Amino acid sequence: MEAEIGIIGGTGMYDPGALEGATEAEIETEYGSPSGPVVLGTLRGRRVAFLPRHGRGHTIAPHEINYRANIAAMRSLGVSRIIAPSAVGSLREELGPGRFVVPDQFVDMTRTRRGTFSGGGSVSHVSMADPFCPEARAAALSAAGGAGLGVTDGGTYICIEGPRFSTRAESRLFRAAGADIIGMTLVPECQLAREARICYVTVASVTDYDAWKGEAVTAREVRSTLERNAAGAREIVARTVEGMPAERRCSCASSMDDADI
Ligand SMILES: [Zn+2]
């Protein structure tokens, strides 16, 4: 095992910060190349593997990310848990910019992505009723609380295709449908991790109010809020790594045991 915990950095997080003994690995998978070289090292006493989802220069659009290669690369390193920071818009007044959310559900509105390792003769129907690892969620929530950062436990992340932002009508529709935050990258990353028997949690950093409230979001607004939130996001990731239980008592490792019909 080269790494125990994977970190897939989102918009605004392109390097892992200070890792002890950091080395880089170029990994090729049967699904192609991941978003870039993986940085391996030690963070707060744990072996981690860091990969920036959009590439180091933010050159890979949400719909172009090779999610399967990213998860397969993590799996090949022995990763059993993934912490996935991400930037999101808010669909709720009370989830203002600067707030962190650890969602417990998602709705998939993507259209063009390869969302499964299944196929080519093997058919698996994995359960996604509870898409996130309860142990990893608990570690992330306690990390955010311990760092004194405003965090919301639970919520529904609606994943859109992007890379454009929502129309006002879409934003209102998603609100009416009960979604709380909106982003472009959770799916299929989350479900591929489940298929790979890897625990997965996302720590969403709210950057804006999407398009339902007043001024519609711009990429510039997203960037400036992320810059303000960057230190907090890094601290949550580091503390989540530190607080992740060494032994898995969740059912993520057996996710595929009942997936074949
Ligand atoms: Zn788990």
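Values below: all heavy atoms of this structure, side chains included; hydrogens, waters and symmetry mates excluded. By convention here, the first residue in the shown sequence is residue 1. As the structure is a prediction and not an experimental result, all values here were calculated from the model.
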Side-chain donor/acceptor of [X] to backbone N/O of [Y], under 3.5 Å:
| X | Y | value |
| --- | --- | --- |
| Arg223 | Thr218 | no |
| Ser76 | Ala73 | yes |
| Thr42 | Gly45 | no |
| Thr225 | Thr207 | yes |
| Glu64 | Ala61 | yes |
| Glu170 | Thr167 | yes |
| Arg68 | Glu30 | no |
| Ser118 | Ser122 | yes |
| Arg47 | Glu2 | yes |

Validation row: [X], [Y] side chains within 4.5 angstrom (heavy atoms):
| X | Y | value |
| --- | --- | --- |
| Thr110 | Val187 | yes |
| Cys250 | Cys199 | yes |
| Val203 | Val237 | no |
| Arg194 | Met128 | yes |
| Thr185 | Ile65 | yes |
| Leu51 | Pro34 | yes |
| Thr202 | Pro103 | yes |
| Ser90 | Asp210 | no |

Kindly indicate, with the supporting measurements, whether the criterion side chain to side chain contact (heavy atoms under 4.5 Å, CB included) is fulfilled by Val217 and Val222. CA-CA 7 Å; Val217 56; Val222 169; 3.7 Å; yes
Within the 6.0 Å centroid threshold, strictly below: Phe117 and Tyr31: yes
Can a side-chain donor-acceptor contact be found between Arg197 and Ser254 if the only test is distance below 3.5 angstrom? no
Thr116-Glu195 side chain donor-acceptor pair, cut-off 3.5 Å: yes
If I compare all heavy atoms of [X] with all of [Y], which pair ends up nearest, and what's the gap?
| X | Y | result |
| --- | --- | --- |
| Ala22 | Val39 | CB-CG1, 4.0 Å |
| Glu161 | His63 | OE2-CB, 3.1 Å |
| Phe50 | Met13 | CZ-O, 3.6 Å |
| Ala140 | Ile236 | O-CG2, 4.2 Å |
| Ala3 | Leu40 | CB-CD2, 3.9 Å |
| Ile160 | Arg113 | O-NH2, 3.5 Å |

Gap separating the [atom1] atom of [X] from the [atom2] atom of [Y], nearest 0.5 angstrom:
| X | Y | atom1 | atom2 | value |
| --- | --- | --- | --- | --- |
| Tyr14 | Thr59 | OH | OG1 | 9.5 Å |
| Asn70 | Arg75 | CG | CZ | 12.5 Å |
| Tyr200 | Cys133 | OH | SG | 12.5 Å |
| Thr11 | His54 | OG1 | NE2 | 3.5 Å |
| Tyr67 | Arg114 | OH | CZ | 14.0 Å |
| Met256 | Ser127 | CE | OG | 11.0 Å |

Same cluster (ILVMFWY, side-chain, under 4.5 Å), [X] and [Y]:
| X | Y | result |
| --- | --- | --- |
| Ile198 | Met244 | no |
| Ile182 | Leu186 | no |
| Leu91 | Tyr157 | no |
| Ile82 | Ile27 | yes |
| Phe106 | Val126 | yes |

Remaining members of hydrophobic cluster (4.5 Å side-chain criterion), Val123: none
Evaluate the side chain to side chain contact (heavy atoms under 4.5 Å, CB included) criterion for residues Asp153 and Val102: first the C-alpha distance (whole Å), next the side-chain angles of each, then the deciding distance (0.1 Å), finally the verdict. CA-CA 5 Å; Asp153 178 359; Val102 180; 5.6 Å; no
How about CD on Glu215, more than 12 heavy atoms from neighbouring residues, nucleotides or ligands closer than 6.0 Å, or not? no
Check whether more than 12 heavy atoms from other residues, nucleotides or ligands sit under 6.0 Å from atom CG of Asp15, and answer yes or no. yes
Residues Val88, Val101; criterion side chain to side chain contact (heavy atoms under 4.5 Å, CB included); working and verdict: CA-CA 9 Å; Val88 297; Val101 181; 5.7 Å; no
Here's one to test your reading of the geometry: is the NZ or CZ of Arg175 within 45 degrees of the ring axis of Trp212 and under 6.0 Å from its centre? yes
Matching residue for Glu4 among Arg248, Arg46, Arg81 - test: salt bridge (Lys or Arg N to Asp or Glu O under 4.0 Å): Arg46
Give a yes or no on whether a salt bridge exists between [X] and [Y], defined as a side-chain N under 4.0 angstrom from a carboxylate O.
| X | Y | result |
| --- | --- | --- |
| Arg53 | Glu189 | yes |
| Lys213 | Asp208 | no |
| Arg99 | Glu93 | no |

Decide salt bridge (charged side-chain N to carboxylate O under 4.0 Å, His left out) for Arg228 and Glu221; before the verdict, give the C-alpha distance in whole Å, the side-chain angles of both, and the deciding distance to 0.1 Å. CA-CA 11 Å; Arg228 286 199 304 278; Glu221 181 189 6; over 6 Å; no
Evaluate the side chain to side chain contact (heavy atoms under 4.5 Å, CB included) criterion for residues Glu24 and Val38: first the C-alpha distance (whole Å), next the side-chain angles of each, then the deciding distance (0.1 Å), finally the verdict. CA-CA 6 Å; Glu24 268 187 29; Val38 178; over 6 Å; no
